[in-house]
Amino acid sequence: MGCEDEKVSDWGKSLPVPSVQELVRNDPRSLPQRYIQLHGDRPVVPDMAMASSSFDIPIIDFALLAKGDEDETRNLDLACKEWGFFQIINHGMPEEVLLKMKAAIAAFFELPLEEKNKYAQDGNDFQGYGQAYVASEDQKLDWCDMVFLITLPHEIRNLKYWADTIPGFKNAIEKYSKEAQKVAEEICSNISLLMGMDKDGLKRSYGNTKQAMRMNYYPPCSRPDLVIGINPHSDPDIITLLLQDDEVPGLQIRHKDEWVLVKPIRNAIVVNVGDVMEILSNGMYKSIEHRAITNESKARLSLATIMIPYDELEIGPMECAVDDHRPRMYGNMKYLDYLRYTFARKMEGKAHLDNTLKIKSSSF
């Protein structure tokens, strides 16, 4: 590992489109037609001051979970089965690390456009500054700019995309990356136990992993009812850890045919099951559609940290997850092929998983 080829995420490229941040900076009321969603895809934007739902996503006390608390382990099981999303508190990640990571993201998006463009996506490399999942010249676009970086292992980082002109940028990522990896591994160890294996059972299945970060900037929008920050999708990874904006809600998840706003809890981390976990568990734990909405007056920042297998891994249900009562629900596929299929298309809910690996005859 560690050759130059491995520093390029050859998962397919996203077509270049203008910076949404610059559109808004030049004209706060600008709303090009490509960002206006079709009627059936437009969000119902809640009153953020009064946002309520009949549902709230589960909250897991990570400190109790790590100690093997049986009640908290059952809560994790239910959260993964019934929601696919949960928030963790008492996760042990120092507040200073979280605040410096948020400050680093904010500092990047405060740079002039010409400076940000020094870190722009290049060729087939998915890393860098730009947008994602833009597969055609006529598709509807997300109201979002982003930076995507592979952060672990160290030897495959491509530092040309890291904004070294920002004081503390690399150090903030370094510290957050380390803490996030510890949390992700502990959660996967507990899911492994829930699946009837020892704590390393899942890890033996997916092997060594990579970590990547997607830093999101959602500019304010004069008509948040017409645009989407990020279109509905599930994540093509093992699990995702999301650091939310404490002040500006925006993440919505689909639960029981309702879009549920995930209300930020200060210093909490939102965790969600990815497609790879759904496949490995043979559908016991499901990745869930989610999207981001925008705000009329405030920009929103978020950071998604993802755990992914290496490209050459063949993903498919684990033997322990298949039996007479739960027949095989998914086929097998090389992870790189799944990623390329996913990134070559616009985000459309769970269509990527359903169209590639899901066995159609399954009744689950």
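The figures here come from the full heavy-atom set of this structure, side chains too, leaving out hydrogens, waters and symmetry mates. Keep in mind the model is a prediction, meaning the values are calculated, not measured. FYI, the numbering just counts along the sequence from 1.
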Hey, is the main chain of [Y] close enough, under 3.5 Å, to the side chain of [X] for a donor-acceptor pair?
X	Y	result
His290	Ile288	yes
Lys140	Ile36	yes
Asn190	Glu186	yes

Tell me whether the rings of Trp83 and His255 are parallel (<30°), tilted (30 to 60°) or perpendicular (>60°). parallel
Determine which pairs satisfy ring pair (Phe, Tyr, Trp, His ring centres under 6.0 Å) with at least one residue from residues 173-207, sequence neighbours left out, and list them in order.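 The answer is none; no pair qualifies.
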Can you name the side-chain contact (heavy atoms from CB on, under 4.5 Å) partners of Asp138, sequence neighbours left out?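 Here the qualifying residues are Ser136.
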Go through the structure and list residues passing side-chain contact (heavy atoms from CB on, under 4.5 Å) with Glu115, not counting sequence neighbours. Leu111, Pro112, Lys118, Tyr119, Thr165
Honestly, is Arg157 close enough over Trp162, meaning NZ or CZ under 6.0 Å from the six-membered ring centre and within 45° of the axis?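 No, Arg157 does not sit over the ring of Trp162.
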Quick check on side-chain contact (heavy atoms from CB on, under 4.5 Å): which of Val262, Val260, Ile293, Asp245 does Leu251 satisfy it with? Val262
Identify whether the distance between the nearest side-chain nitrogen and carboxylate oxygen of Arg74 and Asp71 falls below 4.0 Å. yes
Between Phe108 and Tyr129, is the ring centre distance below 6.0 Å?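 Yes, ring centres under 6.0 Å apart.
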Against Phe109, only a single residue in Tyr217, Phe169, Tyr218 fulfils ring-ring contact (aromatic ring centres under 6.0 Å, His included); can you say which? Tyr217
CD of Glu289 to CG of Asn231: how many Å apart, nearest 0.5 Å?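 The CD atom of Glu289 sits 10.5 Å away from the CG atom of Asn231.
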